[in-house]
Amino acid sequence: LVSFVVVLLLLHVAASAAADGGRFVYHGFAAANLTLAGHAAVTLGGLLELTNATRQAKGHAFHPEPLHLLISKPATAANGTAAPRSFSTCFVFAIVSPVHDGLISDQGLAFVVAPTTALSAANGGAQYLGLNVINDGSASDHFLAVELDTIMNPELGDIDSNHVGVDVNSLVSQRASSAGYYNDRAGGAFQELRLNSREPMQVWVDYDGQARQLNVTLGPGRVPKPKRPLLSMNIDLSTVVADPAYIGFSSTSSIMLTSHYVLGWSFCLDGPASPLDFSKLPFLPPVGPKPRSKVFVVALPLAIALLVIAVVAAVFLILRRRRRYAEVREDWEDEFGPHRFSYKDLFHATDGFKDSNLLGVGGFGRVYKGILAPSNLEIAVKKVSHDSRQGIREFVAEVVSIGRIRHRNLVQLLGYCRREGELLLVYDYMANGSLDRHLHDQQSPALSWNVRYRIIKGVAASLLYLHEYCEQVVIHRDVKASNVLLDGEMDSKLSDFGLAKLYDHGTDPQSTHVAGTIGYLAPELIRTGKATPLTDVFAFGVFLLEVACGRRPIDHDDRNSRIVLVDWVIEHHDNGSILDVVDPRLVGKYEREEVILVLKLGLICAHPLPNIRPSMRRVMQYMESSQSIPPDLSLMRNEGFDSYVSLDDLSIASIGSSSVTILLEGR
Ligand SMILES: *[C@@H]1O[C@H](CO)[C@@H](O)[C@H](O)[C@H]1NC(C)=O
Ligand SMILES: *[C@@H]1O[C@H](CO)[C@@H](O)[C@H](O)[C@H]1NC(C)=O
Ligand SMILES: *[C@@H]1O[C@H](CO)[C@@H](O)[C@H](O)[C@H]1NC(C)=O
Ligand SMILES: *[C@@H]1O[C@H](CO)[C@@H](O)[C@H](O)[C@H]1NC(C)=O
């Protein structure tokens, strides 16, 4: 309630003040002769410490000499009362509280004019600045106090928890104002001051005995006295103060362990008090952190909250970004660095793998079109799901070595990227898509024989290159129409070589997965699970028939019964009606010799016995017409072709748009 109350007790005014007691200046109280009571003490540094951070403490400090603040009237005066004298005082105080949020605060401090220095006897409580709350009418209770109050006590009608008030015989202030001053340097604008800011502040109390006017002025340390007082009131002190009266300070500390200090004090009767020189004042004891101003009380938690929100959001975004672009990268991949793409780049190149960029869904995964940012290079990104970590290392090594393979009829593999459970392969983009679509989609215009023949020669050239001209023999394992892509000039490029091998590495050594596409699988591959160049030749043979006939390797006729393309062509061959198998859309528009060559070549390549099949080199020679195909294809008869594979034995691993890739469980 009352934080720092200076109580001036004015008693009856004697004729004159004591010559030595009417004027004094203290810069620090080390040498001062004060009457102290309660917890009040003068520190070694010279501070007057009214309360010293002790609970329920009160302290008083008075000028030892009583002063005559009233002038006795001549005896002739009708009512015999006295007139008040003028006086002026100023002092510097500081309130050092452990908590400064403006809501919780301690009692305050007051400048007091009182009839006695024995105030503690008058009121036992540690509340109310050590002063009487309500005057009971006895003269000994009369007092004048200027309170510096840091507690709002509704009982006493306090206006707020940071105010200056003038109390007459009662702590219910006659005048009060929120603490502050009219700043002359700001054009007289009112500026708030926090009494318990731990900063020294100055108070001026001026009384004009003639005009019966009391002015109270507050100001921050070192600022000259503001022109406009904080409080100004008319009061006849002759009815209030005793004569003689004691002047001094009173304070209490209750719960908050607040310390109240007076640093300097100047007083003068019948004249202006000497100004205090701040440079001569003692220092306040070092305290903890600076009190938080109102700005901090509001802004700091807000700023912290915003900061926390920002940090959380940033972490969230970073985590999301990390998850979105997360890759799997292991030490052994370092050597393949140049072939490694970042997922982020691929993500942006394909617009986040948007469906509108989907080129197709094949046996091994989805293929997206993309444009790499800096170079505007068109790419195709194949996402291959791959859960097992096994074999991935060998596969990546192979992918990279395949990346070094360059041939005009091979789709260039540019690199790869790995994510959890996923492998991404980056290829050159092929403008005209897969041959499969052109062959079997009835909507697209029929491919001419010339184009087909060029495509076949291209595929043969690429297989020959893989089998014989690479550092190591590379087996494609999945030759089929849907793996033949066409560039802008309708030139063929074989893609996806080696990919089937990824599925070759079974996690279970007991089982052997055979990878490839049903209809293109050589019989011995199904039996042994071992891929060889000749198993590629078998698939190539089926592919030749597919291109010439425009039919899938395993097709269905009108009555929905299964037609195995190879058997069907053999049948016509044996019946001497081989040209009946040619794609009806080509009738009359093909080179007879070339078509027969391709059909016969297809049959011999797709021979069930591997040692009958020609190598790719021989195939190329046949196509260059330098050698004729052995006329006897009787060995092609293969009753029981179907019995190599019963579909029931096959577990269907994935179903692509145009073909079925199978895994055969070995038992
Ligand atoms: C302090 O003042 C009191 C009252 O006037 C006086 O009795 C005392 O001797 C003074 N002490 C000193 C040290 O001046
Ligand atoms: C406060 O003052 C009292 C009385 O003078 C003393 O007993 C106590 O030790 C002081 N406490 C502190 C913290 O200075
Ligand atoms: C007492 O005298 C003063 C001036 O001397 C005067 O203002 C006041 O009214 C008088 N009071 C009474 C009760 O006569
Ligand atoms: C009190 O303040 C008023 C207004 O500023 C001024 O006119 C008056 O002289 C002051 N009185 C004293 C005693 O300082």
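Start at 1 and go down the list; that is how both ligands and their atoms are numbered.
Side-chain atoms of S266 do not come within 3.5 Å of backbone N or O of A273 as any donor-acceptor pair. Under the 3.5 Å distance criterion, the side-chain polar atoms of N162 are matched with a main-chain donor or acceptor of L195.
Aromatic ring centres of H63 and F267 lie farther apart than the 6.0 Å criterion allows.
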Show the short N or O contacts, below 3.5 Å, that ligand 4 makes with protein N or O atoms; if there are none, say 'none'.
from	atom 1	to	atom 2	distance (Å)
ligand 4	2 (O)	N215	ND2	2.3
ligand 4	11 (N)	Q213	OE1	3.4
ligand 4	11 (N)	N215	ND2	2.7
ligand 4	14 (O)	N215	ND2	3.1

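When the ring pair (Phe, Tyr, Trp, His ring centres under 6.0 Å) test is applied to F29, the partners found at least two apart in sequence or on another chain are Y26.
Ring pair F353/Y343 is parallel by interplanar angle, where below 30° counts as parallel and above 60° as perpendicular.
At a cut-off of 3.5 Å, with distance as the only test, a side-chain donor of W265 or T89 sits close to an acceptor on the other residue.
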